[in-house]
Amino acid sequence: MRKRNVLLVGAGGVAHVAAHKLAQNNDLFGNIFIGSRSIDSCKQVLESIERKNNYKISSKKIQIKQIDALDVPEMIKLIKELNISITINLASAFCNMSILEACIETGCAYIDTAIHEEPNKVCENPPWYANYEWKRKDRCKDKGITAILGAGFDPGVVNAYVAYAKKHFFDVIDTIDIMDVNAGSHGKYFATNFDPEINFREFMKVWTWIGKKWVCKPVHSEKKVFDFPVVGPQTIYLTGHDELHSLSKNIDANSIRFWMGFGDHYLNVFNVLKNLGLLSEKPVKTAEGLEVVPLKIVKACLPDPKTLAPNYVGNTCIGDLIIGTKDGRKKEFFIYNVCNHKACYEEVESQAISYTAGVPAVATAMLIVKGDWDTKTMVNVEELNPDPFINLLKDIGLPTETIKVSYSKKNSKTSR
């Protein structure tokens, strides 16, 4: 197994977790670097790793580099200078195409956790991947470049859950309901758990896959209550999300939907901000002639998601409720993970939202190094063998549970 140099791009909440996990598994890699426009943010991440004593090999430290991820020539130069073999993109989703382009030009493996976004476009028409990343598929294949898209939790682990269910539980899949709830509390009046700008942009339209076709619905117009393991009954709303755009292409299911939990307080604040026009990505001029983007002002006023971690309590639960048939009999499974905010803080000084997104990205890098996922082409997670991924996630902090729902109403629970 060849040890490969790794570049982690970004120094936000998810990158913070990924850096801890790279440190905990630094025996698998060559030199490890974290790059960001903010050197101070990188230093804070490394200070956290030192506080938690999370280097597996204590003498093998992560190094810092300053980089503008939107500058393709600068990215190419850095990747070449550091002899990087794997780049983990945990910067803003606005940077996906510039980082991917640098990886293609240098022959470097590429990993990201979200779909690309353009600042002036919101909730683009599906399948969204076809507008950007998938246009580079042929180049990745021709050059033998591994590019694994959407390797966070959702997208990412939830895609692997679908592949796992297809491989082990079903002959035919009819319905996939991906459900994400955060039943934790951070104690702030209002905050988002990751970048507010990206968070709010998700909730402008609801593109969903129903009856094997794309359907657009109003935001927060459909809801239901689901009784989740550990966190109990939660109200969840039909929402558009990244993974639907690849699953609709790669999985032959009648319906694939994404549901997210929102409390009444969150929805009240969201609706006020939206109705006032404060969630717009379009610039406006103030009375003084200053041009500002309302959404960026809201982002600047809200707490940095990284600051929520110390006081966070409670759990997240994210999983797939999948219905289909096996040997002609109808089956239903809920495949999921429960993650505890306090436990995440004790391990890596993070909250569970960042933890669930950051750990899978590092697991993906580990599987590239080991050869299990070194695809030499561009893929989404559901196109890969899910077994080594799910098994590795259990070992490094994100165990999977499975509930089989039988039609005699008896439940059985297993874990992976």
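Here the shortest heavy-atom pairing between A109 and C103 reads O-SG, 4.0 Å.
Using a cutoff of 4.0 Å between basic side-chain nitrogens and carboxylate oxygens, D374 and R4 are scored as salt-bridged. Here D27 does not pair with K60 in a salt bridge; the nearest charged N to carboxylate O distance is not below 4.0 Å.
Listed for the N391 side chain is a donor-acceptor partner under 3.5 Å among the backbone atoms of D387. For N250 (side chain) and E383 (main-chain N/O), no donor-acceptor pair under 3.5 Å exists by modelled atom type. The main-chain N or O of S41 is found under 3.5 Å from a side-chain atom of S38 such that the two form a donor-acceptor pair. A distance-only check finds a donor-acceptor pair linking the side chain of K306 to the backbone of A11 [under 3.5 Å].
Among residues at least two apart or in separate chains, salt bridge (Lys or Arg N to Asp or Glu O under 4.0 Å) pairs with a member in residues 241-253 are K212-D252. Every pair tested for ring pair (Phe, Tyr, Trp, His ring centres under 6.0 Å) that includes a residue from residues 70-104 fails, sequence neighbours excluded, so the list is empty. Applying the salt bridge (Lys or Arg N to Asp or Glu O under 4.0 Å) definition to pairs two or more places apart or across chains, those involving residues 253-274 are D177-R257. The salt bridge (Lys or Arg N to Asp or Glu O under 4.0 Å) contacts involving residues 108-129 comprise E117-R201, where partners must be two or more places apart or lie in separate chains. Applying the salt bridge (Lys or Arg N to Asp or Glu O under 4.0 Å) test to every pair with at least one member in residues 335-359, sequence neighbours left out, gives these pairs: K21-E347, R51-E349.
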Only pairs under 3.5 Å count here: list side-chain donor-acceptor contacts from residues 213-230, not counting sequence neighbours, and write none if there are none.
{"from": "K217", "atom 1": "NZ", "to": "E222", "atom 2": "OE2", "distance (Å)": "2.7"}
{"from": "S221", "atom 1": "OG", "to": "P218", "atom 2": "O", "distance (Å)": "2.8"}

Solution key, residues 180-191 side-chain donor-acceptor pairs under 3.5 Å, sequence neighbours excluded:
{"from": "N182", "atom 1": "OD1", "to": "G184", "atom 2": "N", "distance (Å)": "3.0"}
{"from": "N182", "atom 1": "OD1", "to": "H341", "atom 2": "NE2", "distance (Å)": "2.8"}
{"from": "N182", "atom 1": "ND2", "to": "Y312", "atom 2": "OH", "distance (Å)": "2.8"}
{"from": "H186", "atom 1": "ND1", "to": "K188", "atom 2": "N", "distance (Å)": "3.0"}

Worked check of side chain to side chain contact (heavy atoms under 4.5 Å, CB included) between L244 and I256: CA-CA 7 Å; L244 304 185; I256 309 171; 3.6 Å; yes
Check against side chain to side chain contact (heavy atoms under 4.5 Å, CB included), I32 and L8: CA-CA 8 Å; I32 302 171; L8 171 62; 5.8 Å; no
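Applying the ring pair (Phe, Tyr, Trp, His ring centres under 6.0 Å) test to F258 and every residue at least two apart in sequence or in another chain returns H241. In this structure, D68 has no salt bridge (charged side-chain N to carboxylate O under 4.0 Å, His left out) partners at least two apart in sequence or on a different chain. Under the side chain to side chain donor-acceptor pair (under 3.5 Å) criterion, D395 pairs with no residue at all, not counting sequence neighbours. Scored by the salt bridge (charged side-chain N to carboxylate O under 4.0 Å, His left out) test, E101 finds R139 as partners (sequence neighbours excluded). In this structure T316 satisfies the side chain to side chain donor-acceptor pair (under 3.5 Å) test with no other residue, sequence neighbours excluded.
Evaluated for a side chain to side chain contact (heavy atoms under 4.5 Å, CB included) with F33, the options I64, I62, L7 yield exactly one hit, L7.
The six-membered or imidazole ring of F389 lies near that of W373, with a centre-to-centre distance under 6.0 Å. When ring centroids are compared, F169 and Y164 come within the 6.0 Å threshold. Between F333 and F170, the distance from one ring center to the other falls under 6.0 angstrom.
Checking Y110 against N89 by side-chain atom types alone, a donor-acceptor pair falls below 3.5 Å. Counted by atom type alone, N26 and K61 present zero donor-acceptor pairs between their side chains at under 3.5 Å.
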